[in-house]
Amino acid sequence: MTAAAGDRRPPQTGSGSGSAGQGVAGRLGRYGLGTAPLGGLFAPVSEEEAEQTLAAAWEAGIRYFDTAPHYGSGLAEERLGRFLRALPEAAAAEAVVSTKIGRVLVPGRGEEEGFPGRTGYVRVRDYSRDGVLRSLDDSLNRTGLDRFDLVFIHDPDDHWEQAAGQAYPALAELRDQGVIGAIGAGMNQAEMLTRFVRETDLDAVLVAGRYTLLDRSAAEELLPECERRGVAVIAGGVFNSGILAGGTTFDYDAAPPAVLERARELGRVCASHGVPLPAAALRFPHRHLAVTTVLIGARSAEEITEDLALAAADIPDGLWEDLDHAG
């Protein structure tokens, strides 16, 4: 894959240059495909289903694909890599791929961690320089790609010191050398992402579940800070793991009764305007100027078609005002 990293200054704390962020942001597209479901999130996905999903996304014009070693213990990376390598060279050059560091896979009897069906690896948290290099080398081998356009520091919630003090400098060096295109951090919280944006020279953030119809906490500090510093924002988990798409799970667990009722109320407001709740959920993040891309998570070609149709639905301005009051 190619990347538009641009020329960079030596890494410096809090520079907020955003040059590579602006470069990669221009190639991500309005919607991208998150591959956690293709790694078997919540339920296994067959090889055929995974290939059909990727093909449907490509045919629909999606060119940005996000993956991680965590997703099915490398299974999502392997499947994405096979699909991209099978494309004609000129077409494959259009793809933008991000992966993540922070979990190194070690052979052994591991926990499912939400990905049933592949437990032959133990996930070891490692945000050291050596861990970064090993993780990237493993990801390159699994995908068969020669580089990644964007690399995220993945879920360093309890590992700030090592993630900021070792993982980030290692990635910044690789970015300056042109080994990777850009650097980001991906988390299910906004607070530490804001700290990363302020104290390092990130190009992008992937904020999952914290800028949705149900949870707008990223709008308090993270999104304004990213907009000010030119950091691209990728919004993931826009259905809050299912509850905004007709499910009953919230943040990867059973939704509490109060959250279920809030989601029902949002659904009633949407219905009063003739708009499906998932359509509003998909479109909501793009209301903020800082948000570049919304990640769609799909496990079938049918879900790709359905989600993109929902994303294209006509939404009256009055719905947003009513949802703001209801949310």
Are L150 and I234 close enough, and set up right, to give a side-chain contact (heavy atoms from CB on, under 4.5 Å), and what steps lead you there? CA-CA 12 Å; L150 176 58; I234 300 161; 4.1 Å; yes
Indicate, with yes or no, if F65 and I304 share a hydrophobic cluster defined by side-chain heavy-atom contacts under 4.5 Å among Ile, Leu, Val, Met, Phe, Trp and Tyr. yes
Are I296 and L308 packed together at the side-chain level, in the sense that at least one heavy-atom pair is separated by less than 4.5 angstrom? yes
Taking S73's backbone N and O only, do any of them form a donor-acceptor pair with R118's side chain (distance below 3.5 Å, no angle check)? yes
With a 3.5 Å distance limit and no angle check, can you tell me whether R27 reaches the backbone of R63 through a side-chain donor-acceptor pair? no
Please determine whether the number of non-hydrogen atoms from other residues, nucleotides or ligands lying under 6.0 Å from atom CG of D317 exceeds 12. no
Expected output: side-chain T99 to main-chain V151 donor-acceptor under 3.5 Å: no
Given side chains that start at C-beta, do those of R129 and P169 come closer than 4.5 Å, heavy atoms only? no
Is there a donor-acceptor contact under 3.5 Å from the side chain of D203 to the main chain of G184? no
Can you name the nearest heavy-atom pair linking A185 to L193, along with the distance? O-CD2, 3.4 Å
Given H154, which of K100, R103, H70 fulfils the side-chain hydrogen bond (donor to acceptor under 3.5 Å, both in side chains) condition? R103
pair E199-Y168: side-chain heavy atoms closer than 4.5 Å: no
The reported gap from CG in L171 to CG in L202 (rounded to nearest 0.5 angstrom) is 9.5 Å
Closest approach of A235 and P285, non-hydrogen atoms and distance? CB-CB, 3.8 Å
Report yes or no: does R123 contribute a side-chain atom to a donor-acceptor pair with the main-chain N or O of E111 at less than 3.5 Å? yes
Quick check against the 3.5 Å criterion: does S241 have a side-chain atom that pairs as donor or acceptor with the backbone of G237? no
Using only atom types and a distance under 3.5 Å, with no angle test, would you say the side chain of R262 pairs donor to acceptor with the backbone of L214? yes
Short N-O contact, R79 and E47, less than 4.0 angstrom: yes
Which atom names give the shortest non-hydrogen contact between L105 and P69, and what distance separates them? CD1-O, 3.8 Å
Atom CD1 of I180 and atom CD of E173: how far apart are they, to the nearest 0.5 Å? 10.5 Å
Provide the closest heavy-atom pair for T293 versus G29 in the form atom of the first, atom of the second, distance. OG1-O, 2.7 Å
For atom CD of E89, is the number of surrounding heavy atoms from other residues, nucleotides or ligands below 6.0 Å larger than 12? no
May I ask you to test the I153-I101 pair for a side-chain heavy-atom distance under 4.5 Å? yes
Can a donor-acceptor pair be found, under 3.5 Å and without considering hydrogens, that links the side chain of E303 to the backbone of R299? yes
Look up atom CG in L319 and atom CG in D324, then write down how far apart they are to the nearest 0.5 Å. 9.0 Å
Please check: side-chain N/O of E49 versus main-chain N/O of S46, any donor-acceptor pairing under 3.5 Å? yes
Can you get from W320 to V238 by hopping between Ile, Leu, Val, Met, Phe, Trp and Tyr side chains that sit under 4.5 Å apart? yes
Gap separating the OG1 atom of T35 from the CG atom of D66, nearest 0.5 angstrom: 6.0 Å
Taking all atoms of both residues into account, what is the closest heavy-atom pair of A263 and L244, and its distance? CB-CD2, 4.5 Å
Could you go through D251 and R210, starting from their C-alpha distance and side-chain angles, then the distance that decides it, and tell me whether this counts as salt bridge (charged side-chain N to carboxylate O under 4.0 Å, His left out)? CA-CA 10 Å; D251 284 357; R210 303 287 78 86; 2.9 Å; yes
Are side-chain N/O atoms of S217 and D215 paired as donor and acceptor at under 3.5 Å? yes
Could you walk me through whether R268 and D322 satisfy the side-chain contact (heavy atoms from CB on, under 4.5 Å) test, starting with their C-alpha distance in whole Å, then the side-chain angles of each, then the deciding distance to 0.1 Å, before giving a yes or no? CA-CA 11 Å; R268 287 191 286 268; D322 290 349; over 6 Å; no
Find the distance between OG1 (T212) and CZ (F250) and round it off to the nearest 0.5 Å. 6.5 Å
Any non-hydrogen side-chain atom of L80 less than 4.5 Å from a side-chain atom of L33? no
Residue pair P276 / C270, side-chain heavy-atom distance below 4.5 Å: no
Euclidean distance, I183 CD1 relative to S98 OG, rounded to 0.5 Å: 13.5 Å
Could you give all pairs that pass the ring-ring contact (aromatic ring centres under 6.0 Å, His included) test and reach residues 251-287, with sequence neighbours left out? Y31-H286, Y211-F284
Is there a continuous path of hydrophobic side-chain contacts, each under 4.5 Å between heavy atoms, that joins L277 to V294? yes
Test side-chain contact (heavy atoms from CB on, under 4.5 Å) applied to R198 and R229, step by step: CA-CA 9 Å; R198 288 174 173 161; R229 293 172 179 262; 4.3 Å; yes
Indicate if V97 and Y71 have the same hydrophobic cluster label, given that clusters are the connected sets of ILVMFWY residues with side-chain heavy-atom separations under 4.5 angstrom. no
Just wondering, more than 12 heavy atoms not from E51 lying within 6.0 Å of its CD? no
Smallest separation among heavy atoms of Q189 and V207, with atom names: O-CG2, 4.5 Å
Under a single-linkage definition using a 4.5 Å side-chain heavy-atom cutoff for Ile, Leu, Val, Met, Phe, Trp and Tyr, are F239 and I315 assigned to the same hydrophobic cluster? yes
Verify, without hydrogens or angle tests, whether S272 (side chain) and V269 (backbone) share a donor-acceptor contact under 3.5 angstrom. yes
Pair S139, E77: side-chain N/O donor-acceptor within cut-off below 3.5 Å: yes
Does a side-chain N-to-carboxylate-O contact under 4.0 Å join R175 and D201? yes
What's the verdict on side-chain contact (heavy atoms from CB on, under 4.5 Å) for L223 and V233, showing C-alpha distance, side-chain angles and the deciding distance? CA-CA 8 Å; L223 299 189; V233 176; 3.7 Å; yes
Does a side chain donor of either R125 or Y127 reach within less than 3.5 Å of an acceptor in the other side chain? yes
